[in-house]
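Single-structure report; data block below.
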Amino acid sequence: MLPIDAAAHSSRWRHRHPVDKAVLGLGLTLLAISLPPWPGAALVLVTALTLLLGPAGVPPRRLWRAYRVPLGFCATGALTLLFQVGGPDGFVSLADGGPVRAGELMLRTSAASLGVLLFAFTTPMSDLLPRLVRAGVPAPVVDVALVTYRMSFLLLDSMRRIREAQAARLGHTGRAAEWRSLAGLGATAFVRAFDRAARLQAGLAGRGYEGTLRVLVPEARVSARFTVAAAALLAALAALTLVLERPLS
């Protein structure tokens, strides 16, 4: 199980309906994208971080391990705005207003990423995917997503076991051994993935699969109080942004 999925299963908001958390998490993401970077995206970033570490109860180290990957993409994208190619100052030079645009992009993207992580850290995929059928998503599409989600964990577990076996047989003692182990890992994982897929297909056929995977979904109801509070928080952030809006310069 991936760390973010394990955190979602142990979250304080684990038993809340996905709609409640979608209104809050994805609402924060939409605000980060649509509001002015300053102070809108900054307020969204602080709010999402407070909710993640506070009411949602996400461990700081686990949050950082998940957040540093999208944060790296955000920083890479913002870095390109600092420079321009061509012009009177040379082939590559500092762009006019580059630091301001880079800061605005960094605020937007990092805040939007935290909004998505708020939803991901509190909503297991096993709770979300089966409910998509009720939202109008075709059942075969949901079934493929469920199977892919399950197979990804099985494949990752198989790769971990193969690497442990290779390490126990001194398969990582040198560069040549590393390349041989890597090739063996890819070949074995490829074969095992097809083998598990064939076994899954045979198992479904033996159980009378009729085009829909029926799974148990934990009982949960949409909390009107939580949804209203989330909507009020989003509205308050938008109003506060309009009051405090200042140019980032």
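Please read these numbers as outputs of a predicted model, since none were measured by experiment.
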Minimum-distance pair of heavy atoms, taken over all atoms of Ala189 and Leu155:
O-CD1, 3.8 Å
Between Leu71 and Met106, the two heavy atoms sitting closest are CD1-CE, 3.5 Å
Less than 4.0 angstrom from a charged side-chain N to a carboxylate O is my criterion; do Arg108 and Glu104 meet it?
no
Under 6.0 Å between ring centres, would you say that holds for Trp13 and Phe226?
yes
Once you measure the plane-to-plane angle for Phe190 and Phe194, does it fall in the parallel (<30°), tilted (30-60°) or perpendicular (>60°) bin?
tilted
Out of the candidates Leu43, Leu242, Val46, only one should pair with Leu237 under the side-chain contact (heavy atoms from CB on, under 4.5 Å) rule; please name it.
Leu43
Between atom NZ of Lys21 and atom CG of Leu26, what is the distance when rounded to the nearest 0.5 Å?
11.5 Å
Minimum heavy-atom distance between Ser11 and Thr122, given as atom pair plus value
OG-CG2, 3.4 Å
Rounded to the nearest 0.5 Å, how far does OG1 of Thr241 lie from CH2 of Trp38?
10.5 Å
Anything under 3.5 Å between a donor and an acceptor, one on a side chain of residues 27-35, the other on a protein residue two or more places apart or in another chain? List them.
{"unit_1": "Thr29", "atom_1": "OG1", "unit_2": "Gly25", "atom_2": "O", "d": "3.2"}
{"unit_1": "Thr29", "atom_1": "OG1", "unit_2": "Ala112", "atom_2": "O", "d": "3.3"}
{"unit_1": "Thr29", "atom_1": "OG1", "unit_2": "Val116", "atom_2": "N", "d": "3.3"}
{"unit_1": "Ser34", "atom_1": "OG", "unit_2": "Leu30", "atom_2": "O", "d": "2.7"}

For Ser113 versus Cys74, what's the shortest heavy-atom pair and its separation?
OG-SG, 4.0 Å
Are a donor atom and an acceptor atom from the side chains of Thr227 and Asp20 found within less than 3.5 Å of each other?
yes
